[in-house]
Protein chains: 2
Amino acid sequence: MTSFERPTLVRDGVYDHLRRAVLDGDIAPGERLGEVELGAQLGVSRTPIREALMRLTQDGLLIAEANKGVRVRTVTADEARDTYVVREELDGLAAALCAHQHSPADAQTLRGALSALQRAPSSDYREQTRLDLAFHRAITAATHNAALADLNRDLEQRVALIKHQTRTYNAHPQTDAQHAAILDAILARDADAARQAARTHVRTFAALVLQNLALPITPEKQA
Amino acid sequence: MTSFERPTLVRDGVYDHLRRAVLDGDIAPGERLGEVELGAQLGVSRTPIREALMRLTQDGLLIAEANKGVRVRTVTADEARDTYVVREELDGLAAALCAHQHSPADAQTLRGALSALQRAPSSDYREQTRLDLAFHRAITAATHNAALADLNRDLEQRVALIKHQTRTYNAHPQTDAQHAAILDAILARDADAARQAARTHVRTFAALVLQNLALPITPEKQA
DNA sequence: ATTGTGGATACTGTATACAATTTCTGTGGT
DNA sequence: ACCACAGAAATTGTATACAGTATCCACAAT
């Protein structure tokens, strides 16, 4: 009976809650997050709220202005392009390393993650986004490289934010085939092919997103 | 007269101070950082201390255990190796992008940073480390890629921590030549050469560091 | 009518007070 | 002498109080 209880720190709960809210798009981009309001809403004091907001700010999901609080970050076309340039490189590296390093257990996890993603109903954005993220994280995890995992986690979150703001969801015709190509190369332990497949996947998606970012999003409500 | 005053936030001051202290090795690896003690020492309350500690924790410089405070992170050989694997990739990317993107002003900055580094007295570890970091940051900055700058800043810090813990300082015989090779390739706008030069530089240094990490550092004091 | 100024309001930034968990210490038992 | 347990001290986690700054609105002057 060694430590079953969850030491649920309040700030961690707040962090998870807000992170999910931002990533799911429940809070609009640019929207302001007041500390007292959030505190009242969640039933906790300002202290854990502040700490969660700071973490999210460093994650790049929020923007803080001095004495003016934090807002959900709005991503410019330039920032999105920059992000995908880096993501292409790191995702390629992850796939290559994964091809070399993955264990039998990793292989099983990877297969499971992909098939779960493929079975997801194409209508459910949220679930699809989550499973897509899970698949990519499984690849990262199978590299057994903590530094890469950390950085990729950051990038994943920023990409998720971009996807929401551009309303670009995971379904494009080649997605399934590209995911399969990545997994096949990994399982075949062909590092170069895996890297190329991952890079191609990122590039394809980046093109879609940037296309959506070019034409300004319709401002749907003006309060 | 637009905004000359510095809005020096206390927590930012604390953050910079502690970050410098950890990166300069003024605080020993594994050493515990008490909130009240730091507060008394710096003459501020626990609140900004806590916020600075949290940021440093997310930067990867400190390790936090629930209800037990934070300690300066000690890096294992595996973690160091992982870090350098990623750094090689991202530094290579930065050099390649820099070769493409740099402006005349960037070129001037780069030249200045390198010559300053070369002129630094080889006896002054701290100054040399700072100038080395400045040179690499100049390259990153010249890519004009904010996402890459963010990630590389994280990696730089972790590498600086590793250097201190292994007592591996910047002077190895090939350093000067390698730095020059990187800059030359960049200025010649030869992206592939720049990438290769940067990767080689990282690999050379990583080998040195890992060699030092293999043999355990002498535990100098046992309190 | 418009613009500038003053005050009121609301919020962030910092400090402090309280609660809960951990660690240390001392005592008692074996 | 060593281990176990209980209490005390210290430290983190959370809540609240106070201070400083920015925003908003009304009102007056041009």
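Letters go in sequence order (proteins before strands), and every chain restarts at 1.
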Within the 4.0 Å limit for protein heavy atoms, which parts of nucleotides 14-19 of chain C are touched? Write it as a string from 5' to 3', B for base, S for sugar-phosphate only, - for none. BBBB--

Among C:dG13, D:dG13, C:dC11, which is the nearest nucleotide to the side chain of A:Glu35? C:dG13

In whole Å, I'd like the distance from the [atom1] atom of [X] to the [atom2] atom of [N].
X: B:Glu65; N: D:dT11; atom1: CD; atom2: C1'; result: 14 Å
X: A:Asn67; N: D:dT21; atom1: CG; atom2: C1'; result: 5 Å
X: B:Tyr15; N: C:dG13; atom1: OH; atom2: C1'; result: 19 Å
X: A:Arg32; N: C:dA10; atom1: CZ; atom2: P; result: 13 Å

Considering only distance and modelled atom types, tabulate donor-acceptor pairs under 3.5 Å from the side chains of residues 17-30 of chain B, sequence neighbours left out.
from: B:Asp26; atom 1: OD1; to: B:Arg126; atom 2: NH2; distance (Å): 3.1

With A:Pro104, which residues qualify under side chain to side chain contact (heavy atoms under 4.5 Å, CB included), at least two apart?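 Here no residue qualifies.
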
Taking ring-ring contact (aromatic ring centres under 6.0 Å, His included) as the test, write out the residues that go with A:His102, two or more places apart.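 Counting only residues at least two positions away or on another chain, A:His102 forms no ring-ring contact (aromatic ring centres under 6.0 Å, His included).
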
Quick one: list whatever passes ring-ring contact (aromatic ring centres under 6.0 Å, His included) with A:Tyr15, sequence neighbours left out. none

Contact residues, residues 55-63 of chain A to DNA chain D [heavy atom, < 4.0 Å]: none

Are B:Arg11 and B:Asp16 within salt-bridge range, i.e. N to O under 4.0 Å? no

Just call it for A:Ile49: base, sugar-phosphate, or nothing, with non-hydrogen atoms closer than 4.0 Å on any strand.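 No contact at all - A:Ile49 keeps every heavy atom at 4.0 Å or more from the nucleic acid.
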
For A:Gln58, what residues pass the side chain to side chain donor-acceptor pair (under 3.5 Å) criterion, not counting sequence neighbours? B:Asp59

Would you mind listing every side-chain hydrogen bond (donor to acceptor under 3.5 Å, both in side chains) that reaches into residues 33-44 of chain B, with sequence neighbours excluded?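 Of all non-adjacent pairs touching residues 33-44 of chain B, those that pass side-chain hydrogen bond (donor to acceptor under 3.5 Å, both in side chains) are B:Glu35-B:Arg46, B:Glu35-B:Arg50.
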
Are any of B:Lys68's side-chain N or O atoms less than 4.0 Å away from OP1 or OP2 of C:dT21? no

Hey, could you give me each pair passing salt bridge (Lys or Arg N to Asp or Glu O under 4.0 Å) that has a residue in residues 89-102 of chain B? Not counting sequence neighbours. A:Arg195-B:Glu89, B:Arg87-B:Asp91, B:Glu89-B:Arg199

